[in-house]
Student: 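Take this structure, written in C-alpha cells, and hold onto it; I'll ask about it next.
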Amino acid sequence: MATILDGKALAKTIRAQVAQEAALLPRQPGLAVILVGDDPASALYVKNKEKDCAQCGFRSFEHRLPAETTQEQLLELIDTLNRDDSVDGILVQLPLPRHLDEKPLLAAISPDKDADCFHLQNVGATLAGDPVVWPCTPYGVMELLDAYHIPVKGKHCVVLGRSNIVGKPMSMLLLRADGTVTMCHSKTADLAEETRRADILVSAVGKAGLITADMVKEGATVIDVAMNAKPEGGFCGDVDFAAVAEKAAFITPVPGGVGPMTRAVLLQNVLALAKTHQN
Ligand code: NAP
C-alpha cells in the first residue's frame with residue numbers, strides 16, 4: 001500500500017513557517033484579491049485565501065466586484081493596487097466573466113506584485129532565471145516531493161496536461177530538478193504506454209477515472225492535481241485512487257494532496273514579494 005503524501009499537513013507546517021517569517025518583517029505583508037462576479041467556487045477560493053492570510057498575519061484586501069465590471073474599471077483598480085505600498089501581492093481570481101480579457105489584465109499586474117506567478121516576466125524567470133515567485137501548483141508538488149525525500153534527479157517524470165498554469169510549468173520544474181520529462185496531452189497517441197514508464201506521474205487533466213492501475217508502474221510516485229466535481233458532491237482526482245494506491249509507492253489524495261499545497265505556495269510567494277519591498 002502506497003504512502004499517502006499528506007499535503008494538508010505539510011501546508012500547515014508551511015503556513016506556520018511563513019507566519020514566523022512574516023512576524024519578523026517591519027510591516028505586515030499584504031495580499032489584494034480581486035473577485036469579479038458571483039461564481040460560488042471562486043467565492044470559496046477567495047474566502048480560503050483570506051483565512052490563510054489571517055493565519056499567517058498577512059493583511060488581505062478583498063475587492064469583490066459585480067459581474068458587469070468593465071475591463072477599464074479592472075485595469076484602473078490594478079493600477080491603484082500596483083501603486084499602493086501596503087499591497088505586496090495582487091491576484092485576480094480566475095475564471096473571469098466572458099466579456100473580460102484575461103491576458104491584458106494579468107499583464108497589467110506589476111511583476112513584483114504577481115502573487116500567482118502568471119505575469120510573462122515571472123513565467124520566463126521560472127524557465128530561464130532566478131524567480132522570486134513560483135507557479136503555485138507545480139511548486140507545491142515539488143515541495144511535497146522534497147518533504148517526502150522522493151528523488152527527481154535522473155527519474156522519468158510523465159506529466160499529463162499542458163496548461164499554462166499547471167502542466168507546462170510542472171514539466172519545467174521537474175526538468176530544473178534534473179528529471180527526464182515527458183509531456184502528454186489530449187493528442188498523445190498511446191497514453192498508457194507513456195504513463196507505464198513513469199517513476200513520477202503527475203496528472204493534471206480533469207477527467208475522473210483517467211488513470212487506472214494498469215497504467216501505473218509498480219513503485220511509482222503518483223501525483224493527482226485534478227479536482228473533479230463528483231455528481232454526489234465533493235471532489236475526486238484523475239486517478240483511480242483505491243486501485244492505484246495498491247501499486248504505487250507514494251500517492252496524493254484528492255482532496256488533501258496538491259490543493260492545500262497550492263494555497264501554501266501562494267503565501268510563500270506573497271512573503272517573498274513582501275521581503276523584496278521591505279529590503
Ligand atoms: P486545462 O487547462 O483544462 O488543461 C487540461 C489538459 O489536459 C490539457 O492540456 C489537455 O490537452 C489535457 N488532456 C485532456 N484530455 C486528455 C487525455 N485524455 N489525456 C491526456 N491529456 C489530456 O486544465 P488545468 O487548468 O491545467 O487543470 C487541470 C486539472 O487540475 C483540473 O481538474 C483542475 O481543476 C485542477 N487544478 C487543481 C489545482 C490544485 O491546486 N489542486 C490547481 C489548478 C488546477 P490539450 O492541451 O491537448 O487540450
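As the structure lists them, so they are numbered: ligands from 1, and atoms in each ligand from 1. Heavy-atom basis, side chains included; hydrogens, waters and symmetry copies ignored. Each residue takes its place number in the sequence, starting with 1.
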Student: Within the 4.0 Å heavy-atom shell around Gly259, which atoms of ligand 1 are there?
Tutor: 40 (O), 41 (N)
Student: Which bit of Thr137 gets closer than 4.0 Å to ligand 1, counting heavy atoms only: side chain, backbone, both or neither?
Tutor: side chain
Student: Can you give me the closest heavy-atom contact between Ile150 and Leu5, atom names plus distance?
Tutor: CD1-CD2, 3.9 Å
Student: When you look for heavy atoms under 4.0 Å from ligand 1, do you find them on the side chain of Met261, its backbone, both, or neither?
Tutor: neither
Student: At less than 4.0 angstrom from any non-hydrogen atom of Thr262, what atoms of ligand 1 do you find?
Tutor: 39 (C), 40 (O)
Student: Could you identify the single nearest non-hydrogen protein atom to atom 8 (C) of ligand 1 and state the distance to 0.1 Å?
Tutor: Arg162 N, 4.0 Å
Student: Mind checking the CD-CG spacing from Gln278 to Leu24? Nearest 0.5 Å is all I need.
Tutor: 11.0 Å
Student: Just checking, any donor-acceptor pair under 3.5 angstrom between side chains of Glu143 and Gln268?
Tutor: yes
Student: For ligand 1, find out whether one of its N or O atoms is nearer than 3.5 Å to an N or O atom of Met227.
Tutor: yes
Student: Which protein non-hydrogen atom lies closest to atom 6 (C) of ligand 1, naming both residue and atom, and how far is it?
Tutor: Gly161 CA, 3.6 Å
Student: Near Val166, which atoms of ligand 1 are under 4.0 Å from a heavy atom of that residue?
Tutor: 26 (O), 43 (C), 44 (C)
Student: Which of these passes side chain to side chain contact (heavy atoms under 4.5 Å, CB included) with Cys136: Leu266, Leu91, Ile165?
Tutor: Leu266
Student: Under a plain distance cut-off of 3.5 Å, with no hydrogens placed, do Ser203 and Asp238 share a side-chain donor-acceptor pair?
Tutor: yes
Student: For the hydrophobic clusters of this structure (ILVMFWY residues joined by side-chain heavy atoms under 4.5 Å, transitively), does one cluster hold both Ile200 and Met261?
Tutor: yes
Student: Tell me which protein heavy atom sits closest to atom 13 (N) of ligand 1, plus the residue, atom name and distance to 0.1 Å.
Tutor: Val205 CG1, 3.6 Å
Student: Please write down residue, atom name and distance for the protein heavy atom closest to atom 30 (O) of ligand 1.
Tutor: Ala226 CA, 3.5 Å
Student: For Lys207, take its heavy atoms, then give the atoms of ligand 1 lying under 4.0 Å from any of them.
Tutor: 15 (N), 18 (N)
Student: Establish, from distance only, whether the side-chain atoms of Asp88 and His277 form a donor-acceptor pair under 3.5 Å.
Tutor: yes
Student: Which residue and non-hydrogen atom of the protein lie closest to atom 17 (C) of ligand 1, and at what distance in Å?
Tutor: Ser186 CA, 4.2 Å
Student: Under 4.0 angstrom from ligand 1, any heavy atom of Ala204?
Tutor: yes
Student: Inspect the surroundings of NZ in Lys230 and state if more than 12 heavy atoms from other residues, nucleotides or ligands are less than 6.0 Å away.
Tutor: yes
Student: So which heavy atom in the protein is nearest atom 4 (O) of ligand 1, and how far is it from that ligand atom?
Tutor: Ser163 CB, 3.9 Å
Student: May I ask you to identify the nearest protein heavy atom to atom 20 (C) of ligand 1, giving residue, atom name and distance to one decimal place in Å?
Tutor: His185 O, 3.3 Å
Student: The test is side chain to side chain contact (heavy atoms under 4.5 Å, CB included); show your working for Asp79 and Arg83 and say whether it passes.
Tutor: CA-CA 6 Å; Asp79 182 51; Arg83 286 184 284 106; 2.8 Å; yes
Student: Under a 4.0 Å threshold between the charged nitrogen and the carboxylate oxygen, would Glu21 count as salt-bridged to Lys275?
Tutor: yes
Student: Is the closest heavy atom of Thr188 to ligand 1 under 4.0 Å?
Tutor: no
Student: Does this structure show an ion pair linking Asp52 with Arg263, if we count only N-O contacts that are shorter than 4.0 Å?
Tutor: yes
Student: Is Val225 near ligand 1, meaning one of its heavy atoms is under 4.0 Å from it?
Tutor: yes
